[in-house]
Amino acid sequence: MVRPSPARRVEARSGGGELAMLHNALDSFWRTATTILSPHGPASTGAAATYAPGDYSIHFFLQLAVILFACRLVGWLGQKFLAQPPVVGEMIAGVVLGPSLLGLVWPELQGAIFPKETRNVLYAGAQLGVALYMFLVGLTLRLDHFESKARSAMAVSASGVVVPFLIAMLITPWLMTVPGLFAPGISQANASLFMGACIALTAFPMLARIINERGLADSPLGTLSLAAGAFDDAASWCVLAVVLATFGGGSGVAILAIGGAILYVGFLLLFGRRILAPLGRAVEARGEMSTNVLAITLMAFCVSAFIMDAIGVHGIFGGFILGVFMPRGLFVTELKKKVEPLAVVLLLPMFFTYSGLNTRMDMVNSAPLLLIAFAILLASIAAKFGACYLAARVCGEDNRTALGIGALMNSRGLMELIIINIGLQKGIIGPTLFSMLVLMAIVTTMMASPLFEFVYGRKARVMGEMEALRSAAA
């Protein structure tokens with residue numbers, strides 16, 4: 001038997017060592033690759049590891065990519081096959097990514113992409129997106145719509161506010177008998193006010209989009225609907241501010257919130273346009289918006305949102321009210337050109353997804369709860385569509401125009417998601433009622449365009465009314 005030489009034995013041992021090193025390297029790579037989405041921070045009580053700062057960054061960018069893909073895909077499908085505006089698809093995409101669908105079908109994947117520990121980062125991004133969006137809505141609010149058709153608009157608006165609050169007063173005592181719908185200890189008055197605000201709300205931005213897309217902005221229907229929708233939303237937000245100020249915080253919180261809001265709005269009424277006017281003049285003089293003007297504008301937006309958040313109301317109020325007092329003209333055109341795509345495409349979908357992560361349709365899992373959800377939906381449609389239709393008829397509008405107004409005013413859209421998210425965050429409502437109200441928001445929003453086409457748009461198009469209005473506008 002021939003023994004290997006010492007040199008060959010050393011070489012063999014060396015080759016074995018290299019194989020072992022390669023195996024260890026591959027094993028380490030595999031462990032690292034498969035734990036990218038796992039927490040890497042130090043252990044804590046009850047947890048083997050916690051999330052390190054880098055973990056939040058990794059999840060945030062992955063979440064953004066998934067959110068954008070889902071919103072674009074579902075929005076495109078809704079637009080192509082259901083003739084719905086993209087925002088409706090984005091609302092549904094938020095629910096799809098939450099526990100109602102992805103979490104139900106593939107809970108491990110949903111939990112890996114959207115772990116609870118990272119949702120605070122998503123929440124901050126969502127609040128930035130929705131507050132910036134409301135700032136843009138305030139920028140484009142046209143006060144001239146309120147000057148014509150004022151009497152009819154006030155009648156429709158009053159009906160669209162009073163009747164929903166009366167309906168809320170009737171159904172809230174019944175809802176409060178069901179455990180988990182409202183927070184323990186909430187008064188019937190506050191619960192009724194919150195439900196009334198939810199039912200009375202109109203998706204003003206979507207209403208404006210539908211009217212503008214169809215060339216109806218200068219028509220009696222368009223003018224009346226825009227004016228009434230703005231009044232309704234203003235009333236609902238005021239009621240919500242009162243509920244937030246008085247719910248569970250004591251008199252000091254209420255005084256700070258209500259008094260602070262009045263002082264801030266009063267300050268803007270007296271001095272806002274005068275202080276902000278130089279920004280508009282700077283844009284007009286230059287012919288475009290400089291980065292300095294953009295920075296000052298965004299800083300003012302952040303300060304306004306901070307003030308309203310700090311006094312206990314909500315940052316979106318700060319964004320919206322500041323937008324109302326901003327300069328108009330080229331300033332608005334330039335600001336929307338620079339800010340709106342980022343806000344609508346990147347930031348706002350985070351809000352839809354954050355809402356979807358809090359929506360648990362599986363909690364509405366019994367016949368009594370389904371009955372409650374259906375009753376809320378019917379009550380909301382009857383209170384808004386029915387009341388606005390009847391008010392328009394009483395004011396002398398023809399049947400077709402009155403039906404069109406009712407169809408538009410019945411849409412809740414993004415505004416409803418904002419208000420119920422606030423209610424959930426502040427502990428006014430529970431997850432079950434939140435899910436029911438999300439369902440109501442989606443259904444009434446999806447109803448708006450096809451119902452409007454059925455009761456008004458189709459015949460108006462046959463008669464050539466829309467084309468004539470578009471030509472006049474052009």
Side-chain angles (χ1 to χ4, degrees), residues 67 70-104 126 129-130 133 164 181 195 197-207 209-210 229 233 236 344 348-365 369-385 406-424 429-454:
I67 290 169
C71 286
R72 292 292 99 189
L73 176 62
V74 180
W76 176 79
L77 291 172
Q79 192 172 24
K80 184 174 180 62
F81 297 105
L82 301 176
Q84 294 288 343
V87 67
V88 177
E90 292 174 2
M91 288 173 61
I92 297 172
V95 177
V96 168
L97 293 175
S100 298
L101 187 58
L102 181 59
L104 197 64
V130 74
Y133 180 79
L181 294 188
M195 282 300 299
C198 290
I199 296 174
L201 204 65
T202 293
F204 182 78
M206 177 169 286
L207 183 151
R209 180 182 295 184
I210 292 173
D233 277 12
S236 296
V344 173
L348 196 56
M350 281 193 279
F351 176 79
F352 291 123
T353 302
Y354 188 81
S355 300
L357 293 175
N358 291 313
T359 303
R360 294 287 305 270
M361 293 301 182
D362 59 324
M363 299 188 74
V364 189
N365 55 5
L369 291 178
L370 286 171
L371 176 63
I372 293 171
F374 188 63
I376 291 174
L377 176 62
L378 286 183
S380 301
I381 294 172
K384 198 69 179 178
F385 178 87
L408 292 174
M409 296 290 287
N410 186 53
S411 172
R412 270 62 176 205
L414 171 64
M415 310 299 283
E416 183 75 16
L417 291 186
I418 295 172
I419 203 170
I420 62 179
N421 266 277
I422 295 172
L424 184 66
I429 59 175
T432 304
L433 183 55
F434 177 85
S435 299
M436 293 176 179
L437 292 173
V438 169
L439 183 63
M440 183 266 282
I442 292 174
V443 172
T444 57
T445 303
M446 292 186 69
M447 286 173 60
S449 287
L451 184 59
F452 177 79
E453 281 295 312
F454 179 74

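Bear in mind the structure is a predicted one, so any value in this text is a computation, not a measurement.
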Result block: side-chain N/O donor-acceptor pairs under 3.5 angstrom for residues 84-93, not counting sequence neighbours:
{"residue": "Gln84", "atom": "NE2", "partner": "Met446", "partner atom": "O", "Å": "2.7"}
{"residue": "Glu90", "atom": "OE2", "partner": "Arg72", "partner atom": "NH2", "Å": "2.7"}

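Thr353 places no side-chain N or O within donor-acceptor distance of the main-chain N or O of Met350, the cut-off being under 3.5 Å. Side-chain atoms of Thr445 do not come within 3.5 Å of backbone N or O of Ser411 as any donor-acceptor pair. Checking side-chain atoms of Lys384 against main-chain N and O of Ala200 turns up a donor-acceptor pair under 3.5 Å. A side-chain donor-acceptor contact under 3.5 Å links Ser100 to the backbone of Thr359.
Note: Ile419 CD1 to Arg412 CZ = 11.0 Å, rounded to the nearest 0.5 Å. Between atom CD1 of residue Ile442 and atom CG of residue Leu377 there is a gap of 11.5 Å, rounded to the nearest 0.5 Å. Between Thr202 atom OG1 and Asn410 atom CG the span is 8.0 Å, to the nearest 0.5 Å. Taken from CZ in Phe434 to CG in Leu417, the straight-line distance is 7.0 Å, to the nearest 0.5 Å. From Tyr354, atom OH reaches atom CG of Leu424 across 7.5 Å, with rounding to the nearest 0.5 Å. Between atom CD1 of residue Ile372 and atom CG of residue Leu181 there is a gap of 5.5 Å, rounded to the nearest 0.5 Å.
Leu451 places a side-chain heavy atom less than 4.5 Å from the side chain of Phe385.
The minimum heavy-atom distance between Cys198 and Met440, with the atom names listed, is O-CE, 4.1 Å.
A side-chain N or O of Ser355 and one of Asn421 form a donor-acceptor pair less than 3.5 Å apart. Neither side chain, Asn358 nor Arg360, offers a donor N or O lying under 3.5 Å from an acceptor on the other.
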Check the pair Leu437 / Ile429 against side-chain contact (heavy atoms from CB on, under 4.5 Å), numbers first and verdict last.
CA-CA 10 Å; Leu437 292 173; Ile429 59 175; 4.2 Å; yes
Given side-chain contact (heavy atoms from CB on, under 4.5 Å), test Leu433 with Met195 step by step and report yes or no.
CA-CA 10 Å; Leu433 183 55; Met195 282 300 299; 4.3 Å; yes
Working for side-chain contact (heavy atoms from CB on, under 4.5 Å), residues Phe352 and Val95
CA-CA 8 Å; Phe352 291 123; Val95 177; over 6 Å; no
Passes side-chain contact (heavy atoms from CB on, under 4.5 Å), Met361 versus Val438? Steps please.
CA-CA 9 Å; Met361 293 301 182; Val438 169; 4.2 Å; yes
